[in-house]
Amino acid sequence: MEKKTPAVKMRNITKRFGSILANDKCWLDIYRGEILALLGENGSGKTTLMNMLSGIYFPDEGEISIDGKPVVIRSPKDAFDLGIGMIHQHFKLVDVLTATENIVLGLDGKLDLKEAAKKIREICDTYGFEVDPDQKIYDMSVSQKQTVEIIKVLYRGADILILDEPTAVLTPQETDKLFAVLRNMRNDDKAIVIITHKMHEVEALSDRVAVLRHGQFIGDMLTKDTDAQEMTNMMVGRPVTLNIDRPEPKNPKPRIEVKGLTVRSMDGILKLDDVSFTANSGEILGIAGISGCGQKELLEAIAGLQPTEGGSITYIEDDGTREELLGKDPLSIAEMGVTLSFVPEDRLGMGLVGNMDLSDNMMLRSFRRGRGIFTDRRSPKKLAETVVQELEVNTPGVSTPVRRLSGGNVQKVLVGREISAAPTVLLTAYAVRGLDINSSYMIYDLINRQKAEGVAVIYVGEDLDVLLELADRILVLCGGKVSGIVPGRGATKRDVGMMMTKMGGNQANA
């Protein structure tokens with residue numbers, strides 16, 4: 001690469017949160033006309049570093065230069081004034097307002113919404129966005145909301161853009177559209193940084209990669225000169241195996257039979273419409289679908305957490321005895337000897353108690369087994385220590401409150417606890433969402449171990465590449481209906497993606 005002045009130069013950036021050193025003398029260069037992938041394990045300091053560039057945090061030490069001039073960024077407004085905009089994982093939009101109203105919200109001066117809508121259409125035409133300036137946010141798909149967030153920073157004049165996990169909840173087709181837009185922006189001399197854990201996306205989209213490990217800058221290189229294996233080894237600091245095993249199911253038998261399941265939301269919207277399938281023991285059934293297509297309601301209905309309007313969910317014992325689960329509460333289902341382990345989408349909201357330590361969070365699963373007012377505190381502590389060791393949870397100890405852990409480490413604690421419950425059916429939603437590649441492969445290994453032990457695994461995942469490698473069969477949901485069930489071996493990403501976006505596709509009942 002010819003020597004040119006970086007759009008952003010970060011030197012010796014250090015950030016501490018109490019005793020935790022999030023960034024340790026980090027260096028980073030970001031160039032215009034380039035897409036930079038910022039890589040690292042969970043808790044390596046990627047988002048913290050970008051939050052300092054976008055004005056959310058202020059560094060304890062170090063210097064930032066923009067176009068060769070030293071700057072001080074104390075707020076997101078300072079960052080915007082310097083042409084820096086960050087698109088976060090969780091969108092910051094007002095549902096009842098239109099795209100245009102959200103985009104201009106907070107700007108100074110007299111606002112002309114017609115003029116603003118015209119400027120928005122010009123931005124869309126320039127880069128290939130598809131958005132209706134007059135559409136309300138609550139009527140939009142996840143992909144459209146993300147588009148509004150990106151246009152919002154471009155409208156404010158940003159030419160240095162940071163995207164944190166931009167494809168986490170997009171379909172393959174939506175991801176392709178986003179990548180086309182990002183390439184158009186790069187060709188218009190914008191500087192773009194993406195934080196992602198998906199290696200195939202790094203290879204497909206980025207021009208250069210920079211790697212952080214334990215808060216330190218390890219190195220950067222041109223994407224064309226490296227591969228997923230080398231990048232992962234750099235992130236972890238040792239050679240890592242990147243293969244998902246898919247052993248053939250041994251003696252699979254029907255374990256859960258769902259027939260005609262229909263679920264409506266509190267406000268009367270049909271979430272599941274006449275859904276039928278069978279989940280077998282010793283098999284992984286993958287569930288694919290655009291975010292919000294009924295995956296959450298499906299798992300919650302099986303776990304006894306979701307009221308249903310119609311249909312049946314039958315649990316089948318090894319000896320063929322059948323037991324209807326609908327109408328039973330979650331505790332009754334557990335007392336039947338059926339352990340339905342559920343990793344919810346909202347880790348801290350539904351799965352763990354942030355102010356409790358790791359041991360006490362393990363005890364949430366087992367406290368009913370105590371005698372009278374006494375609970376067994378030793379087993380949860382031992383389990384917490386096992387989970388920390390096996391999943392390499394980055395924590396000072398098992399007495400650390402869960403809220404002090406990074407998102408990825410919270411996820412490891414939750415998944416480890418659920419899997420350790422020795423289930424006969426393991427329901428898992430987004431088990432690796434936001435996890436780095438090394439941690440993700442540990443989770444895949446744990447799930448495969450459950451399959452080998454005869455557990456019926458129902459796996460809801462966002463990454464189609466992983467579903468196609470991990471699952472024995474894939475059930476595709478589209479608008480709350482079953483679009484088809486295809487074998488994991490031999491199914492293509494394109495076919496499953498098509499089935500996710502319109503009913504039908506290649507419906508093969510496998």
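The first residue of the sequence shown is numbered 1, and numbering continues consecutively from there.
To the nearest 0.5 angstrom, Ile151 atom CD1 is 9.0 Å from Thr100 atom OG1. Between Leu212 atom CG and Leu49 atom CG the span is 6.0 Å, to the nearest 0.5 Å. Rounding to the nearest 0.5 angstrom, the gap separating the CG atom in Leu105 from the CG atom in Leu93 is 9.5 Å. Interatomic distance, CD1 of Ile137 versus CZ of Phe91, reported as 10.0 Å (0.5 Å rounding). To the nearest 0.5 Å, atoms CG (Asn438) and CG (Asn233) are separated by 9.5 Å. Interatomic distance, Ser65 OG to Arg11 CZ, rounded to the nearest 0.5 Å: 8.0 Å.
The residues Glu385 and Lys382 are annotated as not salt-bridged, no charged nitrogen and carboxylate oxygen being separated by less than 4.0 angstrom. With respect to the salt-bridge test (charged N to carboxylate O, under 4.0 angstrom), the residues Lys198 and Asp465 do not qualify. Ion pair Arg449/Glu453 not flagged as a salt bridge, since none of the NZ, NE, NH1 or NH2 atoms sits closer than 4.0 Å to an Asp/Glu carboxylate oxygen. We find that Lys9 and Asp29 are not joined by a salt bridge, their nearest charged nitrogen and carboxylate oxygen being 4.0 Å or further apart.
Between the side chain of Gln146 and the backbone N or O of Ser141 there is no donor-acceptor pair closer than 3.5 Å. Under the 3.5 Å distance criterion, the side-chain polar atoms of Thr223 are matched with a main-chain donor or acceptor of Arg208. Between the side chain of Glu34 and the backbone N or O of Val193 there is no donor-acceptor pair closer than 3.5 Å. Proximity of a side-chain donor or acceptor of Asn184 to a complementary backbone N or O of Tyr127 within less than 3.5 Å is detected. Checking side-chain atoms of Thr226 against main-chain N and O of Glu230 turns up no donor-acceptor pair under 3.5 Å. Not one N or O on the side chain of Arg213 forms a donor-acceptor pair closer than 3.5 Å with the backbone of Glu41. Checking side-chain atoms of Arg32 against main-chain N and O of Ile160 turns up no donor-acceptor pair under 3.5 Å. At distances below 3.5 Å, at least one donor-acceptor pair connects side-chain atoms of Gln295 with backbone N or O atoms of Gly289. Lys15 places a side-chain N or O within 3.5 Å of a backbone atom of Phe58 that can act as its donor or acceptor partner. Between the side chain of Arg246 and the backbone N or O of Leu468 there is at least one donor-acceptor pair closer than 3.5 Å.
When all heavy atoms are compared, the tightest approach of Met140 to Val131 is CE-CG2, 4.2 Å. Minimum heavy-atom separation, Gly294 to Leu477: C-CD1, 4.0 Å. Taking every heavy atom of both residues into account, Ile443 and Ala431 meet most closely at CG2-CB, 4.1 Å. Closest approach of Asp108 and Leu111 over heavy atoms only: O-CD2, 4.5 Å. Of all non-hydrogen atoms in Cys26 and Gly215, the two that sit nearest each other are SG-O, 3.0 Å. Residues Ala191 and Ala7 share a closest heavy-atom pair of CB-CB, 4.4 Å.
Thr196 has its side chain within reach of Val202: a pair of non-hydrogen atoms, C-beta onward, lies under 4.5 Å apart. Between Leu53 and Met86 there is no side-chain heavy-atom pair separated by less than 4.5 Å. Proximity of Ile194 to Leu38: side-chain heavy atoms (C-beta onward) are nowhere separated by under 4.5 Å. No side-chain heavy atom of Val466 sits under 4.5 Å from any side-chain heavy atom of Glu469. Under the 4.5 Å side-chain criterion, counting only non-hydrogen atoms from C-beta, Val432 is in contact with Tyr444. With contacts defined as side-chain heavy-atom distances shorter than 4.5 Å, the pair Leu39/Met234 does not qualify. Using a 4.5 Å heavy-atom threshold, the side chains of Lys152 and Glu149 count as touching. In this structure, the side chains of Ile244 and Asn448 come closer than 4.5 Å at one or more pairs of heavy atoms.
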Going through the checks in order, is the side chain to side chain contact (heavy atoms under 4.5 Å, CB included) test met by Val181 and Ile150?
CA-CA 10 Å; Val181 166; Ile150 297 172; 5.6 Å; no

Given the rule in the side chain to side chain contact (heavy atoms under 4.5 Å, CB included) test, do Leu182 and Leu163 qualify, once you have shown the distances and angles that lead to the verdict?
CA-CA 10 Å; Leu182 293 178; Leu163 294 94; 4.1 Å; yes

Would Asp436 and Met235 satisfy side chain to side chain contact (heavy atoms under 4.5 Å, CB included), going step by step from the backbone distance to the final call?
CA-CA 9 Å; Asp436 59 68; Met235 283 193 282; 5.6 Å; no

Does the side chain to side chain contact (heavy atoms under 4.5 Å, CB included) test come out yes or no for His88 and Met50, once each step is laid out?
CA-CA 10 Å; His88 298 269; Met50 291 298 98; over 6 Å; no

Go through Asp159 and Lys190 one step at a time and tell me if the salt bridge (charged side-chain N to carboxylate O under 4.0 Å, His left out) criterion holds.
CA-CA 5 Å; Asp159 57 6; Lys190 305 280 188 212; 5.7 Å; no

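Heavy atoms of other residues, nucleotides or ligands lying less than 6.0 angstrom from NZ of Lys69 number 12 at most. By the neighbour-count criterion of 12 heavy atoms within 6.0 Å, atom NZ of Lys145 is densely surrounded, having more than that number from other residues, nucleotides or ligands. The environment of Lys25 atom NZ is sparse: at most 12 non-hydrogen atoms of other residues, nucleotides or ligands sit within 6.0 angstrom.
Of the N and O atoms on the side chains of Glu201 and Thr167, at least one donor lies less than 3.5 Å from an acceptor on the other residue.
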